[in-house]
There are 2 protein chains.
Amino acid sequence: MIRICIAEDQRLLRGAMASLLDLEDDLEVVGEAGDGAEALALIDRLQPDVCLMDIEMPRKSGLEVAEQLKERRAACKVIILTTFSRPGYFERAVKAGVQGYLLKDEPVDKLAEAIRRVMNGRREVSPELIFGSLQEENPLTPRERDVLKLAGDGQTANEIAASLHLSHGTVRNYISEILNKLEVKSRIEAVRLAEDKGWL
Amino acid sequence: MIRICIAEDQRLLRGAMASLLDLEDDLEVVGEAGDGAEALALIDRLQPDVCLMDIEMPRKSGLEVAEQLKERRAACKVIILTTFSRPGYFERAVKAGVQGYLLKDEPVDKLAEAIRRVMNGRREVSPELIFGSLQEENPLTPRERDVLKLAGDGQTANEIAASLHLSHGTVRNYISEILNKLEVKSRIEAVRLAEDKGWL
DNA sequence: ATCTCCGGGTGACAAGTGTCACCCAAGGGC
DNA sequence: GCCCTTGGGTGACACTTGTCACCCGGAGAT
């Protein structure tokens, strides 16, 4: 019997997946979590074989949870299950050593099969990921990311400078550099593009 | 037997809901669509009793579909099923005469019940909507919305002016007005806020 | 010990942004 | 006929943005 935890913030989808997986003879959903922090606690307590993990959840993202599980050398395997085929997310997930990365666009019947295959030591990845995203890695340095995040909140160059203890001019240099790395003409486009790719 | 169509772009959720609803004796899922245009065609062809409708879908949003069904005086009832409790969406849905508006955060078991109640002539609305959103109506005029949308794509005042056949100065007046209606300091914040509220 | 790279900084310029006061024409209401 | 609102416009001002050329000091490589 494979013991499963589900971490997913949309109650509807979470409940629906749990009901369906429970119908399978060899699968058992032992716990459900509605956010990342809860998921981590649940896995600690229940020691399931595998966890289906959404990425964008309140309190702690699925990627953070996966990273922390890796740190603690937890036995629980992780299958990321998300809407987004953002290259940045995928890259981070792989580095966190997850066993699977599936898109919510996959048909339901693939789900149980994927879980079984992962339990047999295989890796499961939705094909879109390999094509679309690989090798399109994050061109932004950590500092540039900091700047861009704040710009995304609508902060002005001066405000960003204050938040980051930099000078006003330096911030503008960073932004200028970001714009030409991303090949766009304004902060707004840069923020949109970076968010879209999961580069934050 | 209640005949149901499901319009939802996430295949996983769509499939899961279909399987679960089909387990109920009095419900039958007769069709599934992955985008708005497909949904409209499907409803035309199959004449189901009720349609579960996501909002943010490719090609045509669930709100557009609902509006067009109303225009054609279609018999099919509509239950909106979405992640977003955006006031603007809810308002539009009500105007389009939908019978239900549920959040994907609802537990699964509510779903079948909601469908039955709607078929009995009742209205079904997730409680969050009433509180959070009502009476927080869109403060933007149609023209202001046009301007803000383009600004959201990263267009400059001049570009927006050209797209809308306005003068550069007028565009800036609009933006200035938008900023103080929305009580924010920059276009970026304005775009974020408006998108978040569903005011587009 | 020198060289080069890198994070950070400066100053100047052109263009874009936000604000404000004010203008004009077309309707609507009365 | 008059008043008021509405959509659009102008011009000026101060500030912010984006770009560019160039400077500085510390760390690594050789």
Side-chain angles (χ1 to χ4, degrees), chain A residues 88 91-92 95 135-197 199-200, chain B residues 87-88 91-92 95 135-200:
Chain A
E91 194 190 331
R92 244 182 101 184
K95 285 192 184 137
Q135 215 51 350
E136 219 195 309
E137 55 182 302
N138 195 336
L140 270 26
T141 69
R143 220 73 238 268
E144 287 167 351
R145 278 199 290 277
D146 294 340
V147 170
L148 193 53
K149 275 182 222 166
L150 296 177
D153 297 340
Q155 293 198 24
T156 169
N158 282 310
E159 292 167 338
I160 298 173
S163 310
L164 258 36
H165 310 291
L166 289 179
S167 109
H168 149 102
T170 305
V171 170
R172 283 159 56 209
N173 285 339
Y174 276 122
I175 292 195
S176 189
E177 185 55 23
I178 292 169
L179 296 186
N180 81 41
K181 276 188 183 175
L182 263 38
E183 297 178 311
V184 295
K185 295 189 336 301
S186 74
R187 300 143 107 92
I188 298 200
E189 290 172 274
V191 170
R192 280 215 189 295
L193 178 62
E195 277 177 352
D196 190 60
K197 298 282 190 182
W199 294 332
L200 249 159
Chain B
E91 195 190 331
R92 244 181 103 185
K95 286 193 184 135
Q135 216 49 353
E136 222 194 307
E137 53 182 306
N138 195 335
L140 269 27
T141 68
R143 220 72 238 267
E144 287 166 354
R145 278 198 291 278
D146 294 339
V147 171
L148 193 52
K149 273 182 224 166
L150 296 177
D153 297 340
Q155 292 199 24
T156 171
N158 282 311
E159 291 165 338
I160 298 174
S163 310
L164 258 36
H165 310 290
L166 289 179
S167 109
H168 149 101
T170 304
V171 170
R172 282 159 58 207
N173 285 339
Y174 276 122
I175 293 196
S176 189
E177 185 56 22
I178 291 169
L179 296 186
N180 80 43
K181 276 188 183 175
L182 263 40
E183 296 178 310
V184 296
K185 293 189 336 302
S186 74
R187 302 143 105 92
I188 298 200
E189 289 172 276
V191 170
R192 279 216 190 297
L193 179 61
E195 276 177 353
D196 190 60
K197 297 283 188 182
W199 294 332
L200 248 158

Which whole-number value in Å describes the distance from [X] [atom1] to [N] [atom2]?
{"X": "A/Lys185", "N": "C/dA15", "atom1": "NZ", "atom2": "P", "result": "15 Å"}
{"X": "A/Leu164", "N": "C/dG8", "atom1": "CG", "atom2": "C1'", "result": "12 Å"}
{"X": "B/Ile178", "N": "C/dT17", "atom1": "CD1", "atom2": "C1'", "result": "13 Å"}
{"X": "A/Glu144", "N": "C/dC6", "atom1": "CD", "atom2": "P", "result": "12 Å"}
{"X": "B/Asn173", "N": "C/dG18", "atom1": "CG", "atom2": "C1'", "result": "10 Å"}
{"X": "B/Asn180", "N": "C/dT19", "atom1": "CG", "atom2": "P", "result": "7 Å"}
{"X": "B/Ile188", "N": "C/dT17", "atom1": "CD1", "atom2": "C1'", "result": "12 Å"}
{"X": "B/Glu177", "N": "C/dG18", "atom1": "CD", "atom2": "P", "result": "14 Å"}

Would you say [X] reaches [N]'s phosphate, i.e. side-chain N/O to OP1/OP2 under 4.0 Å?
{"X": "B/Arg187", "N": "C/dT17", "result": "yes"}
{"X": "B/Ser176", "N": "C/dT19", "result": "yes"}
{"X": "B/Arg172", "N": "C/dT19", "result": "no"}

Exercise. Tell me what B/Thr170 touches on the nucleic acid: a base, only sugar-phosphate, or nothing, going by heavy atoms under 4.0 Å.
Key: base
Exercise. Could you check whether A/Ser167 gets within reach of a base, just the sugar-phosphate, or nothing at all, counting any heavy atom under 4.0 Å?
Key: sugar-phosphate
Would you say the side chain of [Y] lies within less than 4.5 Å of the side chain of [X], judging by non-hydrogen atoms?
{"X": "A/Leu179", "Y": "A/Ile175", "result": "yes"}
{"X": "A/Arg143", "Y": "A/Leu166", "result": "yes"}
{"X": "B/Arg192", "Y": "B/Leu182", "result": "no"}

Quiz prompt | Side-chain (B/Ser163) to main-chain (B/Glu159) donor-acceptor, under 3.5 angstrom | solution =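 Indeed, once roles are kept as given, a pair shorter than 3.5 Å links the two residues.
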Quiz prompt | Heavy-atom closest contact (A/Gly88 atom, A/Trp199 atom, distance) | solution = CA-CD1, 4.1 Å
Exercise. Taking all non-hydrogen atoms of both residues into account, name the closest pair between B/Ala157 and B/Arg172 and its distance.
Key: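 Looking at all heavy atoms of both residues, the shortest contact is CB-CG, 3.9 Å.
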Practice problem: Using the heavy-atom set of chain B and a strict 4.0 Å cut-off, write down the first and last nucleotide of DNA chain D that makes it in, 5' to 3'. | Solution: D/dG7 to D/dA12
